[in-house]
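Written out below as structure tokens is the structure these notes cover.
The basis for the numbers below is simple: all heavy atoms, side chains too, and nothing from hydrogens, waters or symmetry mates.
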Protein chains: 2
Amino acid sequence: MLLRKSLLSKPACCCRSLTSRAIVYSEHGDPAKVLEVHNYELPKPQDDELLVRFLASPINPADLNQIEGVYPKRPAFTDKFKTPRPAAVGGNEGLVEVIGTGKQHMSMKWQLGQWAIMRRTTFGTWRTHALAKEDDLLPVKAEGLSPVDVATVSINPCTAYRMLQDFAKLQKGSWWVQNGANSAVGQSAIQMGRIWGYKSLNIIRDRPGSDEVKQQLLDLGATLVITETQLSDKDFMKQLKREHFQDEPVTLALNCVGGVNAINMCRQLTEGAHIVTYGAMAKQPLKIPASMLIFKDFCFHGFWVSPWNDRHPDERQEMLEVIFDWMWEGQFRSPAAKLNWWEPGQSDAEALAVFRGALENKSQKQVLCIDY
Amino acid sequence: MLLRKSLLSKPACCCRSLTSRAIVYSEHGDPAKVLEVHNYELPKPQDDELLVRFLASPINPADLNQIEGVYPKRPAFTDKFKTPRPAAVGGNEGLVEVIGTGKQHMSMKWQLGQWAIMRRTTFGTWRTHALAKEDDLLPVKAEGLSPVDVATVSINPCTAYRMLQDFAKLQKGSWWVQNGANSAVGQSAIQMGRIWGYKSLNIIRDRPGSDEVKQQLLDLGATLVITETQLSDKDFMKQLKREHFQDEPVTLALNCVGGVNAINMCRQLTEGAHIVTYGAMAKQPLKIPASMLIFKDFCFHGFWVSPWNDRHPDERQEMLEVIFDWMWEGQFRSPAAKLNWWEPGQSDAEALAVFRGALENKSQKQVLCIDY
């Protein structure tokens, strides 16, 4: 909503060559040190190419791990950006608008003004413009939605969607539980669970302001919200269970924390439950007692949305349409994001300062917005 | 084979009342302390009852955990054995022969001489005779097989069978890996894998005599056998992989050890692999790094044969028939067992001494054999 500044009024046109501004890196390491602003000339799109401009590009934790070199999927360093050393453009998630097409693309699908998101990771989304092949992009119909909402849908909300759908057979009224409930995935899962009629037990950290967070999650549709301290208090949990889900099975847990917290969460689950790990905020392994596997028949999975997307392009598109519908209907909203603007006339130093400001602010999801 | 002493020549008959000798306990605790010999009178079988005599009753680790009170499934203490205090009979696995039937059981299924195993756990198999309901017993056709082989099939070989069949889609030539490969389940799995055409990487402990164990497992059909020390040696494992399964996926691991050993074993697995835990010999939890779940997409399961049996009576019977067929054909043999005999004329003290001797001998699988 904040983004209605000028993006949607911008005319989609231009088949001349132009200059792209990008955040690039030539070696792995601390993002604050290895990332640089780089400008490079983009030629006119060739026959099978599309010229796109970026509207909004999120900064996700995995993007930073990728730059640090600790993420399994990484773009190759290449000469094609005309950098002094071979380099890659940062960022994996983003929304583009088609502003130019090669001769082969005079189809309905790739008209000027068409919006698209990245079909795969490693494209490099922290830039103003790019040349893309058709196969790089997934067209989206998202008229009337905020570009930031559309740009941020494909990692966190999609992760939440798949984890709630693909591991346990939840039905209307079924209970599920998650830790890190205030994360972007967690907030998405709460809303989706509410839409599908599931009941959620949500665990958040004990921090100043946790009452406020609790209220925000309840407003999104959380059934119950507790703190990690309450989770580790056996008497409190017995009482909570007695009052709210005494004889009702809890068959799914979503885990982005790990360590003791995750195992405490597992103790709330019913025999045969599924635990899906998608993060490790506590940086501790899951210490699973054999009895949880053998006698309680728990099944521990992981979920990573990137390879899922690669393997399920059709289901992905269907899922995105469902989520966009929810957004139109006002049933679902993206987790709040801080917008960081690149505007015409900024110097390289100013553009870098904007980006570094976004990197340093860890309190909220950050999105690079481009007003070009 | 050792058991052909007198069991098979014994005439199946008798519908009079008789005395059963049993190993009972009235409280949970150290088996060496709480187990006692108890004799009690069995009345004639009522209309819907069957009178059975036990031929062979294994002593499994889970039986001892049950007596210690740390196993989730436990028999209730009852007055029906006419003990001074309410008591339970120990043992869960066993082979019986029907030697008397109530009036309702004049069917082909329950003729005198019919062999049967326990349909469920907690029946109490460490005794000479019992009255049973039809629903307590699973009739088996096992003519010509050793009673000990039949008695010991339903826990360890069946556990191996299900774990190889139900978690990963192995095909002829597929690799799988296990630790604790010399356990009763491990030996069963090696043979079954060989029969199905799978290739096995087997991990054993470093102990005096491990070369001999290695040769025994190779003789059973193991493809490769290594020690825990070799498993933790990265260079050794790289070399082994290069020589034997460089580009071949390893998609299933069976774990009865836990701790570091289990995680080292997991490092040999291919993306998307399944790890099935059925024991915890190292008494250490599985410390699973989140990356194994998220990036390698490993799935950690547990397997416990008792509830599986309860839920799948028909598949269980089919599986037993397959295993008995293998035994007849000489393709599969039960892990070696030490036979401990109860014979007529033994005093209570002598019978208890035989049983305690079996409890104390932890080097081999122990079976209580009853020559009554």
Original post:
Do the non-hydrogen side-chain atoms of A:L286 and B:L293 ever get within less than 4.5 Å of each other?
Top reply: yes
**OP:** Return the set of residues passing side chain to side chain contact (heavy atoms under 4.5 Å, CB included) with B:M281 (not counting sequence neighbours), or none when no residue passes.
**Re:** B:R205, B:C256, B:V257
**OP:** Output the option from B:M292, B:K296, B:K73, B:H301 having the highest count of non-hydrogen pairs under 4.5 Å with chain A.
**Re:** B:H301
Original post:
Where does B:Y278 contact chain A at under 4.5 Å (heavy atoms): side chain, backbone, both or neither?
Top reply: backbone
Original post:
With chain B, which of A:P285, A:A280, A:P289, A:G279 has the greatest number of heavy-atom pairs at distances under 4.5 Å?
Top reply: A:P285
**OP:** Output the option from B:A290, B:C299, B:G258 having the highest count of non-hydrogen pairs under 4.5 Å with chain A.
**Re:** B:C299
Subject >> Test of ring centre spacing under 6.0 Å for B:F298 and A:F300 >> reply: no
**OP:** State whether the number of non-hydrogen atoms from other residues, nucleotides or ligands found under 6.0 Å of B:Q171 atom CD is greater than 12.
**Re:** no
Subject >> Closest-packed option against chain B by number of heavy-atom pairs under 4.5 Å, given A:I294, A:N255, A:D297 >> reply: A:I294
